[in-house]
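In what follows, a single structure is set out as structure tokens and then discussed.
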2 protein chains.
Amino acid sequence: MDSKDISQAVISRLPRYHRFLSELKDRGIERISSAELSDLMHVTASQIRQDLNNFGGFGQQGYGYNVDYLYEEIGHILGLDMRHNLIIVGAGNLGQALANYVNFDRRGFHTKGLFDSDPHMQGVVVRNMPVRPMSELEDFIRVNSIDIAVLTIPKEAAIEVADRLIRCGIKGIWNFAHIDLDVPPNVRVENVHLSDSLMKLSYNLRDLG
Amino acid sequence: MDSKDISQAVISRLPRYHRFLSELKDRGIERISSAELSDLMHVTASQIRQDLNNFGGFGQQGYGYNVDYLYEEIGHILGLDMRHNLIIVGAGNLGQALANYVNFDRRGFHTKGLFDSDPHMQGVVVRNMPVRPMSELEDFIRVNSIDIAVLTIPKEAAIEVADRLIRCGIKGIWNFAHIDLDVPPNVRVENVHLSDSLMKLSYNLRDLG
DNA sequence: ATCTGCTTGGCAAAAAATTCACAAAGTATC
DNA sequence: GATACTTTGTGAATTTTTTGCCAAGCAGAT
């Protein structure tokens, strides 16, 4: 299970497996074969088996995969059994929307604070958390052992804020700003570029009438 | 420029090129070589040339690429010069956040309406648009020539709502619901699974301390 | 306890994506 | 106008990803 050898393509598919297994669990299904899962997910059975085998053999010949067990294992691979403390930087509409996402807590992602540079936002309360001024950023990160920062600010401010976050030891940045961040190798960035996604949809609509 | 032959991997990279070219434009840079762009974007020059050549030769030997021209061409490939009318279904935090994104308008994506099934949301006004009841959905789509629906509703409702949308001729669905939609071949879905993205970040943080 | 059928794990083949390398064709300079 | 330099476009090589295949081995029935 040496992470460096596993391609991001495989990693990107794991959350989807996790999602379908969760659904199967909810439906009370105990076991599933790669062929059945293949039908459900519209990917080849071979790919499912290949993907899972990157992390060890979770199935059994003649039986298939145990849904509960596989669900737990994939969760473990993804690090969902670890606790992460987040802050959200940028308390605009999107920042507030993310702050209100209760499901993140269930996966071990706990939002501890909310920051905004706009003085008019100070004191506004979102999900029992007051919006804090940027001047409190560094102290708050240290005191609350924050390891992930969610960046929901305009691109103009993103680079500077990211630098500040990195300087006080943030490990992960979930970046919603419309810009690519250059970070040192010990920091991980996951981008959510909504505009890029919309443009992709636009392209795929081109020849549809 | 036969769209069916071009892989989604290439398409996924086009918005990023577009973004960097926009930045170069803003900085007043008129021309750029694939080697310079390669440095900037941290991808190989070869990949840039290969990607662009899928759609025709936009550069010139000994000169490179004209920034303005390439920007326009990629925008055209992505269909950004077409007008799209959107509705947002689900006026929760995320739906409202997206409704307030002014930048989408600049790219030809015009939000025309906002819907929610919750009676308490009726009449709430977001960016000058009243939240409408789901009963008005079909008529509104027809009257306003809506071609894209943004789905920001819980997964439990997503399949049923998607079916309604498809039945009245929606062409594209920008799906933020935490579930995969099965749609007929003449409908395009672009998924934004925020949880999946966060799990990917979680994985990449695993061996970082 | 044995037999039949099913399904994995892993290797091999095929396909797809990326990178290399260079001729061709332009730019810039003198 | 000739020469030196730059950089694209593209075919070929390489690498990565996906798919096909089947021996090995467990489950379930009798």
Side-chain angles (χ1 to χ4, degrees), chain A residues 1-17 20-21 24 29-74 77 200 203-204, chain B residues 1-17 20-21 24 29-74 77 200 203-204:
Chain A
M1 186 165 149
D2 196 349
S3 64
K4 285 300 125 203
D5 301 317
I6 291 158
S7 77
Q8 287 294 309
V10 174
I11 304 308
S12 300
R13 285 191 293 264
L14 293 182
R16 188 155 181 262
Y17 294 136
F20 274 85
L21 288 165
L24 289 169
I29 294 167
E30 281 182 12
R31 56 181 271 192
I32 192 157
S33 68
S34 59
E36 290 169 302
L37 198 52
S38 157
D39 276 350
L40 213 56
M41 298 185 63
H42 306 299
V43 295
T44 64
S46 196
Q47 179 164 73
I48 294 170
R49 294 204 299 275
Q50 195 88 313
D51 281 349
L52 298 177
N53 267 100
N54 281 298
F55 305 97
F58 301 126
Q60 213 154 44
Q61 285 104 326
Y63 176 88
Y65 298 87
N66 178 282
V67 172
D68 276 14
Y69 174 63
L70 189 55
Y71 175 81
E72 290 303 324
E73 285 297 316
I74 293 178
I77 293 164
K200 232 171 107 191
Y203 174 87
N204 287 316
Chain B
M1 188 166 147
D2 197 349
S3 65
K4 286 298 127 202
D5 300 318
I6 291 159
S7 78
Q8 287 294 309
V10 174
I11 304 308
S12 300
R13 285 191 292 264
L14 292 183
R16 189 155 180 264
Y17 294 137
F20 275 85
L21 288 165
L24 289 169
I29 293 168
E30 281 183 12
R31 56 183 269 194
I32 192 158
S33 69
S34 58
E36 290 169 302
L37 198 51
S38 158
D39 276 351
L40 213 56
M41 298 185 63
H42 306 299
V43 296
T44 64
S46 194
Q47 179 163 73
I48 293 170
R49 293 204 300 273
Q50 197 86 306
D51 281 349
L52 297 178
N53 267 99
N54 281 298
F55 305 97
F58 301 125
Q60 214 155 42
Q61 286 102 325
Y63 176 88
Y65 299 87
N66 179 282
V67 172
D68 276 12
Y69 175 64
L70 189 55
Y71 176 81
E72 290 303 324
E73 285 298 315
I74 293 179
I77 293 164
K200 231 171 107 192
Y203 175 86
N204 287 316

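Chain letters run A, B, ... following the sequence lines, proteins first and then strands; every chain starts at 1.
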Exercise for the section: Please answer whether the main-chain N or O of B:D51 pairs with a side-chain N or O of B:N54 as donor and acceptor at a distance below 3.5 Å. Expected result: yes

Problem - Atom-to-atom span, CZ of B:F55 to C1' of D:dG9 - whole angstrom - result: 15 Å

Practice task
Would you mind reading off the distance between B:N53 atom CG and C:dA17 atom P, rounded to a whole angstrom?
Solution key: 16 Å

Problem - side-chain contact (heavy atoms from CB on, under 4.5 Å) between B:Y203 and A:I6, worked out - result: CA-CA 11 Å; B:Y203 175 86; A:I6 291 158; 4.3 Å; yes

Fill in the blank from the handout: Rounded to whole Å, OH of B:Y65 lies from P of C:dT27 at a distance of 15 Å

Exercise for the section: Please report, rounded to the nearest Å, how far the P atom of D:dT7 is from the CG atom of B:N66. Expected result: 15 Å

Handout entry: Donor-acceptor contact present, side-chain A:R16 to main-chain A:M41, <3.5 Å
Key = yes

Handout entry: Test item: B:S38 side-chain N/O and B:V43 main-chain N/O as donor-acceptor pair under 3.5 Å
Key = yes

Handout entry: Test item: side-chain donor near acceptor, A:Q60 and A:N66, under 3.5 Å
Key = no

Problem - Between B:E36 and B:S33: side-chain donor-acceptor atoms closer than 3.5 Å - result: yes

Practice task
For a side chain to side chain contact (heavy atoms under 4.5 Å, CB included) with A:L24, tell me which candidate from A:L70, A:I32, A:D68 qualifies.
Solution key: A:I32

Fill in the blank from the handout: Taken to the nearest whole Å, CD1/B:I6 to P/C:dA16 is 15 Å

Handout entry: Axial bend angle, the helix from C:dA1-D:dT30 to C:dC30-D:dG1: five-pair end segments, nearest 10°
Key = 30°

Practice task
Spell out protein contact along nucleotides 16-26 of chain D as letters: B when the base is contacted, S when just the sugar-phosphate is, - when no protein heavy atom is under 4.0 Å; keep the 5' to 3' order.
Solution key: -SSBBB--BBB

Exercise for the section: Check whether any side-chain N or O of A:R31 sits under 3.5 Å from a backbone N or O of A:V67 as a donor-acceptor pair, and report yes or no. Expected result: no

Practice task
Output yes when at least one side-chain N/O atom of B:S34 is less than 4.0 Å from OP1 or OP2 of D:dT8, else no.
Solution key: yes

Handout entry: Rounded interatomic separation in angstrom, taking CG from B:D5 and P from C:dA15
Key = 16 Å

Practice task
Would you kindly give the CD1-to-P distance between A:I32 and C:dC6, to the nearest whole Å?
Solution key: 17 Å

Practice task
Verify the contact: side-chain N or O of A:R31 to OP1 or OP2 of D:dG28, cut-off strictly under 4.0 Å; return yes or no.
Solution key: yes

Practice task
Quickly work out the B:L70 CG to D:dT8 C1' distance and round it to whole Å.
Solution key: 13 Å

Practice task
Decide yes or no on side-chain contact (heavy atoms from CB on, under 4.5 Å) for B:Y65 and B:L52, but give the supporting numbers first.
Solution key: CA-CA 10 Å; B:Y65 299 87; B:L52 297 178; 3.7 Å; yes

